[in-house]
Amino acid sequence: MSRILVILGLVVLLTLTACSSLNPLNSVSGDYKGYKNAPYVVWGKKYYPLSVERALTYKASGICSWYDESKFGGLVRGNTAIGEKVMPWDLIAAHKTLPLPCKVRVTNLSNGKSVVVRVNDRGPFIEGRLFDVSPRVAELLDFKHLGLTDVNIEVLSVGDGIYKRKAK
């Protein structure tokens with residue numbers, strides 16, 4: 001009986017590990033190697049993401065909103081543009097032209113609070129908006145109740161695993 005419980009426990013542990021975002025095999029997903037910057041079309045408009053070299057020096061200021069990829073109040077995980085499963089408490093963001101994924105420091109200009117996020121999605125596709133963040137990031141930056149805020153963003157790195165390149 002105890003041998004069966006041990007085997008069952010190992011099966012459960014391996015299943016959870018395989019599904020976990022902490023599993024290094026899950027750190028690169030989708031149809032890209034390390035990063036994704038292929039052109040794409042949304043609502044009839046074609047977008048051309050930045051090269052990795054250009055993205056590594058990218059800094060910008062603009063309007064930030066928040067969005068939630070999950071469904072049914074977080075009961076169903078959402079999918080990002082690079083196929084990652086996400087929840088509302090993940091520290092993630094969306095940008096129209098940065099290579100995916102990349103790490104970005106986002107700073108709320110109204111209060112000076114900043115958070116490092118993983119950009120793994122595309123958007124926002126509302127005119128005049130620069131950046132979208134998850135609900136948890138909006139809470140940490142203290143603007144969720146407002147919906148929008150002005151931010152600075154600065155790329156810290158682009159890519160995953162052996163393809164990861166850090167900004168200078």
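Heavy-atom basis, side chains included; hydrogens, waters and symmetry copies ignored. Residues take their numbers from the sequence shown, with the count starting at 1.
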Do [X] and [Y] touch side chain to side chain, with heavy atoms closer than 4.5 Å?
X	Y	result
Arg129	Leu148	yes
Val106	Phe131	yes
Ile63	Leu130	no
Val115	Leu141	yes
Tyr67	Val133	no
Val137	Glu139	no
Thr107	Glu154	no
Pro101	Asp160	yes

Distance (rounded to the nearest 0.5 Å) between [X] [atom1] and [Y] [atom2]:
X	Y	atom1	atom2	answer
Thr149	Asn111	OG1	CG	7.0 Å
Arg54	Asn37	CZ	CG	12.0 Å
Arg122	Lys96	CZ	NZ	10.5 Å
Asp132	Trp66	CG	CH2	10.5 Å
Ser157	Tyr163	OG	OH	16.0 Å
Leu91	Leu140	CG	CG	6.0 Å

Determine, step by step, whether Arg165 and Val52 satisfy the side-chain contact (heavy atoms from CB on, under 4.5 Å) criterion, reporting the C-alpha distance in whole Å, the side-chain angles of both residues, the deciding distance to 0.1 Å, and the verdict. CA-CA 8 Å; Arg165 297 205 27 218; Val52 172; 3.7 Å; yes
Does the plane of the ring in Phe125 sit parallel, tilted or perpendicular to the ring in Tyr40? Use 30° and 60° as the thresholds. perpendicular
Nearest heavy-atom pair of Ala55 and Val158: which atoms, and what distance? CB-CG2, 4.0 Å
Here the pair of heavy atoms bringing Pro124 nearest to Ser65 is CB-OG, 4.4 Å
Centres of the His95 and Tyr58 rings: under 6.0 Å? yes
Passes side-chain contact (heavy atoms from CB on, under 4.5 Å), Tyr35 versus Leu100? Steps please. CA-CA 5 Å; Tyr35 59 87; Leu100 303 178; over 6 Å; no
Can you list the steps and then say if Val104 with Leu98 is a side-chain contact (heavy atoms from CB on, under 4.5 Å)? CA-CA 10 Å; Val104 170; Leu98 287 174; 4.0 Å; yes
Short side-chain to backbone donor-acceptor contact, Asn108 and Ser110, under 3.5 Å: yes
